[in-house]
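Working notes, structure below.
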Amino acid sequence: SQTIHQWPATLVQPVGSPLSLECTVEGTSNPNLYWYRQAAGRGLQLLFYSVGIGQISSEVPQNLSASRPQDRQFILSSKKLLLSDSGFYLCAWTSIRVDTEAFFGQGTRLTVV
Amino acid sequence: GESVGLHLPTLSVQEGDNSIINCAYSNSASDYFIWYKQESGKGPQFIIDIRSNMDKRQGQRVTVLLNKTVKHLSLQIAATQPGDSAVYFCAEKGGSNDYKLSFGAGTTVTVRA
């Protein structure tokens with residue numbers, strides 16, 4: 001069966017520090033991968049998605065970047081965190097078929113102080 | 001930004017009653033829709049989906065209705081239970097070869113005992 005791992009679960013980082021969140025998927029190949037951010041009491045904002053190694057689509061220009069160095073690995077990064085980067089970050093995957101649901105990781109609660 | 005929106009941000013329901021959660025989407029080319037349930041501090045979980053060639057789909061205690069004419073989606077929960085208290089999101093995917101999965105702001109459902 002397929003599983004998605006996302007870590008860490010919680011993170012407190014100072015303003016100006018770098019960020020690296022990692023997401024890996026097991027049990028499938030060629031997944032579509034997604035990074036979302038969720039502010040408190042708000043919906044899920046799509047940040048990046050990827051349909052293959054090295055292929056990254058950016059939805060919202062901001063202080064973040066994403067990379068996909070391996071087929072089942074998706075990394076969200078920042079060189080210098082801002083207070084506004086605080087939020088709940090979720091990684092998700094879907095199969096290559098367009099009409100299949102996304103499966104989510106358990107999320108990372110990031111607090112920038 | 002988010003292309004899927006919801007009519008009501010909160011819904012309070014008496015235990016045992018039926019719940020109806022509404023969603024409006026903006027992309028007329030979207031051909032796949034999903035409802036998710038999110039409990040506090042967790043990633044969203046799949047509830048039910050529907051393709052654009054259907055107008056109704058039923059699951060266990062849940063029914064999704066799709067009205068493409070007015071670009072409206074709804075989720076009906078029968079005999080609402082305390083465990084149904086959560087935030088519910090609708091999501092849409094665009095047409096073929098469009099892998100972007102967009103979410104609305106969410107409806108918080110609270111079940112009263």
Side-chain angles (χ1 to χ4, degrees), chain A residues 2-10 21 23 25 30-52 55-62 68 74 87-111, chain B residues 1-10 21 23-27 29-54 57 59 64 66 86-108 110:
Chain A
Q2 301 90 358
T3 56
I4 179 169
H5 302 280
Q6 187 182 341
W7 67 92
T10 59
L21 301 181
C23 172
V25 180
N30 301 316
N32 295 327
L33 297 170
Y34 303 80
W35 276 112
Y36 291 88
R37 178 170 61 197
Q38 186 176 29
R42 298 296 300 276
L44 280 74
Q45 180 185 37
L46 178 61
L47 302 175
F48 302 95
Y49 68 99
S50 171
V51 299
Q55 300 180 58
I56 308 295
S57 296
S58 174
E59 287 300 299
V60 184
Q62 53 196 323
R68 184 170 177 175
F74 205 22
F88 191 46
Y89 288 82
L90 288 154
C91 180
W93 76 272
T94 70
S95 75
I96 59 174
R97 282 179 54 186
V98 176
D99 58 348
T100 56
E101 72 268 27
F103 299 92
F104 284 83
Q106 288 303 297
T108 296
R109 176 76 59 191
L110 172 66
T111 304
Chain B
E2 296 156 354
S3 61
V4 179
L6 295 179
H7 291 306
L8 297 174
T10 62
I21 307 166
C23 176
Y25 63 94
S26 58
N27 185 0
S30 293
D31 60 4
Y32 179 62
F33 305 87
I34 315 167
W35 280 101
Y36 284 91
K37 173 185 179 183
Q38 186 180 28
E39 297 175 336
S40 180
K42 297 183 179 180
Q45 290 183 304
F46 170 85
I47 300 174
I48 192 168
D49 60 1
I50 188 167
R51 293 169 177 75
S52 60
N53 61 353
M54 304 170 68
R57 190 166 188 220
V64 56
L66 174 63
V87 179
Y88 290 80
F89 295 97
C90 66
E92 63 174 318
K93 265 185 177 177
S96 58
N97 298 321
D98 183 350
Y99 297 99
K100 186 167 67 175
L101 181 63
S102 300
F103 283 76
T107 295
T108 301
T110 302

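In what follows, every chain begins at residue 1, and chains take the letters A, B, ... in the order their sequences are listed.
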Task: For the student: nearest non-hydrogen atoms of B:Leu66 and B:Ser52, plus distance - done: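 Between these two residues, the closest heavy atoms are CD2-CA, 3.8 Å.
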Task: Exercise: identify the closest heavy-atom pair between B:Arg57 and B:Ile48 - done: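 That would be O-CD1, 3.6 Å.
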Task: Side chains of B:Asp49 and B:Tyr32, donor plus acceptor under 3.5 Å - done: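 Looking only at side-chain atoms, B:Tyr32 and B:Asp49 do form a donor-acceptor pair, the distance falling under 3.5 Å.
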Using non-hydrogen atoms only, which part of [X] is less than 4.5 Å away from chain A: side chain, backbone, both, or neither?
{"X": "B:Gln38", "value": "side chain"}
{"X": "B:Ile34", "value": "side chain"}
{"X": "B:Phe33", "value": "neither"}

- [ ] Please flag which part of A:Thr94 lies under 4.5 Å from any non-hydrogen atom of chain B: side chain, backbone, both or neither.
- [x]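 Side chain only.
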TODO: Side chain from CB out, backbone as N, CA, C, O: work out which of these in A:Gln6 comes under 4.5 Å of a heavy atom of chain B, or both, or neither.
DONE: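 No part of it gets close to chain B.
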- [ ] Report the C-alpha distance between A:Phe74 and A:Phe48 in whole Å, list the side-chain angles of each, state the deciding distance to 0.1 Å, and finish with yes or no for ring pair (Phe, Tyr, Trp, His ring centres under 6.0 Å).
- [x] CA-CA 10 Å; A:Phe74 205 22; A:Phe48 302 95; 7.4 Å; no
- [ ] For A:Thr108 and A:Pro8, indicate whether the former's side chain and the latter's backbone hold a donor-acceptor pair under 3.5 Å.
- [x]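 Judged by distance alone, yes, a pair lies under 3.5 Å.
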